[in-house]
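Below you'll find the structure, written out as structure tokens, and then a few comments.
Here is the naming used below: chain letters follow the sequence lines, and residue numbers restart at 1 for every chain. This structure is a prediction, so every number in the text was calculated from the model and none was measured.
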Number of protein chains: 2
Amino acid sequence: MTTIDSIDNGVNVQALLDAREALKSAPEAAQFTWRSTTRWENGVHTTSTVKDFAGLGAEQSHKAEHEFVADHPEVFAAEDHGITPIEYLLVGLGSCLTAGVASVAQNRGIQLRSVEATVEGVHDIRGILGADSDVRNGYNGIKVTFTIDADASKEDIEALVAQSQKRSAVFDALTNPTDVTVEVA
Amino acid sequence: MTTIDSIDNGVNVQALLDAREALKSAPEAAQFTWRSTTRWENGVHTTSTVKDFAGLGAEQSHKAEHEFVADHPEVFAAEDHGITPIEYLLVGLGSCLTAGVASVAQNRGIQLRSVEATVEGVHDIRGILGADSDVRNGYNGIKVTFTIDADASKEDIEALVAQSQKRSAVFDALTNPTDVTVEVA
């Protein structure tokens, strides 16, 4: 028999619930600043580096520095050294919702066996090319399709996904506007 | 003397201007679908894979498949195998605006020597933790700071950056809402 105690999706839910309580009375510690630095290589080829961030009232750091190459495909007359900038949004969305599914499943005592999310973004490139000023630059829409194998009914799995969506940082960042300021130093 | 013909930022502007003209009369070819697939590893650790996309009326593919690890830092009681999902948005934004600066500079005959963009996103994590329902899950704001060395006045450099912003797919995707549908297969 599977009991809630024996469920292990690898998420330390107790630590997250403790953090929630602790931050209720220490809102300043909940203010995080995430950072990335992009260096131009050549053409539309760039390298972005992520390592340090701030949070819990202090400077923090990932265990390692991570580098991300972006470029454009050859059909855009570029060299395709890496994925396009807008594809990074799909990576962020899929990984955020999937991490959320694992966390919610742990909290609800549902053992996951496998989770896969396919993310598709529809993009009319006439916007970025300036071919039609009525076409937006970004995605016209994004669709995420989950395939989940878990000890749970289809209904419970759908509820997991709905709750993950409700608490997802990236889902919110894409479906609602964020103020972005761009300056030259 | 530097002439426009001798400017080389590595961007084939003529190909992009030709594509703009060609797509004006072939809007169906301008419909792209970008894709990413996220696989759950354990806990909040995931691996996302990007290779194929559709556009110009056909299936297309990047030269290589690219994998992206996401996780959460140890201060989130996770194992920090990679950057967080929401940091991928900063990578996308920095790389998109920087590629735009290179393209616009090429079109305006401005030789770039170096471009660096520092991207910072302020995030109150009480939202995702459910500690305060008035706090949003995503970023409260994002700031991009460019440092650019180029054969141009400060004013011309600021105009470059402004034009890049105006045509940026990721800037639009973050500052304006996008419809995101999430389903279970």
*For B:Ala169 and A:Ile86, which heavy atoms make the closest approach, and how far apart are they?*
CB-CD1, 3.6 Å
*Can you tell which part of B:Thr49 gets under 4.5 Å to a heavy atom of chain A, answering side chain, backbone, both or neither?*
neither
*Look at B:Val184, B:Val11, B:Thr145 and state which one has the largest set of heavy-atom pairs under 4.5 Å with chain A.*
B:Val184
*asked:* Testing the basics here: between A:Thr147 and B:Ala185, what is the closest heavy-atom pair and its distance to 0.1 Å?
replied: OG1-CB, 3.9 Å
*Closest approach of B:Tyr139 and A:Thr178, non-hydrogen atoms and distance?*
O-CG2, 3.8 Å
*asked:* Please determine whether the number of non-hydrogen atoms from other residues, nucleotides or ligands lying under 6.0 Å from atom NZ of A:Lys166 exceeds 12.
replied: no
_Any A:Leu174 side-chain heavy atom under 4.5 Å of B:Leu174 side chain_ = yes
*List the steps and the verdict of side-chain contact (heavy atoms from CB on, under 4.5 Å) for A:Val170 and B:Leu89.*
CA-CA 8 Å; A:Val170 176; B:Leu89 303 188; 4.0 Å; yes
*Contact part of A:Leu17 toward chain B, heavy-atom cut-off under 4.5 Å: side chain, backbone, both or neither?*
neither
*Between A:Gly127, A:Gly121, A:Gly55, A:Ala64, which residue shows the highest count of heavy-atom pairs closer than 4.5 Å to chain B?*
A:Gly121
*asked:* Quick check on the interface: out of B:Asn12, B:Thr84, B:Leu56, who has the most heavy-atom pairs with chain A under 4.5 Å?
replied: B:Thr84
*asked:* Tell me which of these, A:Thr46, A:Val180, A:Asn140, has more heavy-atom pairs under 4.5 Å with chain B than the rest.
replied: A:Val180
*Option passing side chain to side chain donor-acceptor pair (under 3.5 Å) with A:His62 (candidates B:Glu87, B:Glu74, B:His81, B:His72)*: B:Glu87
*Relative to chain B, which segment of A:Ser164 carries a heavy atom at a distance below 4.5 Å: side chain, backbone, both, or neither?*
neither
Please tabulate, for the side chains in residues 96-105 of chain B, all donor-acceptor contacts under 3.5 angstrom to protein atoms that are two or more places apart in sequence or on a different chain.
{"residue": "B:Thr98", "atom": "OG1", "partner": "B:Gly94", "partner atom": "O", "Å": "2.7"}
{"residue": "B:Ser103", "atom": "OG", "partner": "B:Ala99", "partner atom": "O", "Å": "3.0"}

*B:Ser61, B:Gly141, B:Ala162, B:Gly43: which one forms the most heavy-atom pairs within less than 4.5 Å of chain A?*
B:Gly43
*Might you point out which heavy atoms bring A:Leu16 and B:Phe76 nearest each other, and give the distance in Å?*
CD2-O, 3.7 Å
*Residue, of B:Arg39, B:Lys51, B:Lys24, that accumulates the most heavy atom pairs under 4.5 Å with chain A*: B:Lys24
*Taking a hydrophobic cluster as the set of Ile, Leu, Val, Met, Phe, Trp and Tyr residues connected by side-chain heavy atoms closer than 4.5 Å, whether directly or through intermediates, do A:Val115 and A:Ile7 fall within one such cluster?*
no
*Sort out for me which of A:Pro85, A:Ser168, A:Ala54, A:Ala70 touches chain B most, counting heavy-atom pairs under 4.5 Å.*
A:Pro85
_Top contributor to chain A contacts, counting heavy-atom pairs under 4.5 Å, from B:Val119, B:Val122, B:Asp179, B:Ile148_ = B:Val119
*Which heavy-atom pair separates B:Ser114 from A:Trp40 by the least distance, and what is that distance?*
CA-CE3, 4.3 Å
*Using a cut-off of under 4.5 Å on heavy-atom pairs, state which of B:His45, B:Lys154, B:Glu21 scores highest against chain A.*
B:Lys154
*Please name the pair of heavy atoms, one in B:Val182 and one in A:Gln165, separated by the smallest distance, quoted to 0.1 Å.*
CB-OE1, 3.3 Å
*If you tally heavy-atom pairs under 4.5 Å against chain B, which of A:Asp71, A:Val69, A:Val75, A:Leu93 wins?*
A:Val75
*chain B contacts: which residues in residues 129-137 of chain A have a non-hydrogen atom closer than 4.5 Å to it?*
A:Leu129, A:Gly130, A:Ala131, A:Arg136, A:Asn137
*What part of B:Val161 is in contact with chain A, defined as an atom under 4.5 angstrom from a non-hydrogen atom: side chain, backbone, both or neither?*
side chain
*Given the rule in the side-chain contact (heavy atoms from CB on, under 4.5 Å) test, do A:Leu23 and B:Ile125 qualify, once you have shown the distances and angles that lead to the verdict?*
CA-CA 9 Å; A:Leu23 293 176; B:Ile125 65 163; 3.7 Å; yes
*Is the number of heavy atoms from other residues, nucleotides or ligands within 6.0 Å of CD (A:Glu28) greater than 12?*
yes
*asked:* Taking every non-hydrogen pair under 4.5 Å, which of A:Gly82, A:Ala117, A:Ala173 racks up the most with chain B?
replied: A:Ala117
*Checking heavy atoms, do the side chain of B:Leu160, its backbone, both or neither come under 4.5 Å from chain A?*
neither
_Below 4.5 Å, heavy-atom pairs only: which of A:Val44, A:Thr118, A:Asp80 has the largest tally toward chain B?_
A:Asp80
*With a cutoff of under 4.5 Å between side-chain heavy atoms, which Ile, Leu, Val, Met, Phe, Trp and Tyr residues group with B:Val50?*
A:Val50, A:Phe68, A:Ile83, A:Tyr88, A:Val91, B:Phe68, B:Ile83, B:Tyr88, B:Val91
_Applying side-chain contact (heavy atoms from CB on, under 4.5 Å) to B:Glu183 and A:Val144, what does each step give before you reach the verdict?_
CA-CA 6 Å; B:Glu183 283 176 11; A:Val144 183; over 6 Å; no
_When you measure from the side chain of A:Lys63 to the backbone of B:Pro73, do you find a donor-acceptor pair of N or O atoms at a distance under 3.5 Å?_
no
Show me, pair by pair, the donor-acceptor contacts under 3.5 angstrom made by side chains of residues 31-38 of chain B, not counting sequence neighbours?
{"residue": "B:Gln31", "atom": "NE2", "partner": "A:Asp124", "partner atom": "OD2", "Å": "3.0"}
{"residue": "B:Gln31", "atom": "NE2", "partner": "B:Pro27", "partner atom": "O", "Å": "3.0"}
{"residue": "B:Trp34", "atom": "NE1", "partner": "A:His123", "partner atom": "ND1", "Å": "3.1"}
{"residue": "B:Arg35", "atom": "NE", "partner": "A:Glu120", "partner atom": "OE2", "Å": "3.0"}
{"residue": "B:Arg35", "atom": "NH1", "partner": "B:Glu59", "partner atom": "OE1", "Å": "3.0"}
{"residue": "B:Arg35", "atom": "NH2", "partner": "B:Glu59", "partner atom": "OE2", "Å": "3.0"}
{"residue": "B:Thr38", "atom": "OG1", "partner": "B:Ser48", "partner atom": "OG", "Å": "2.8"}

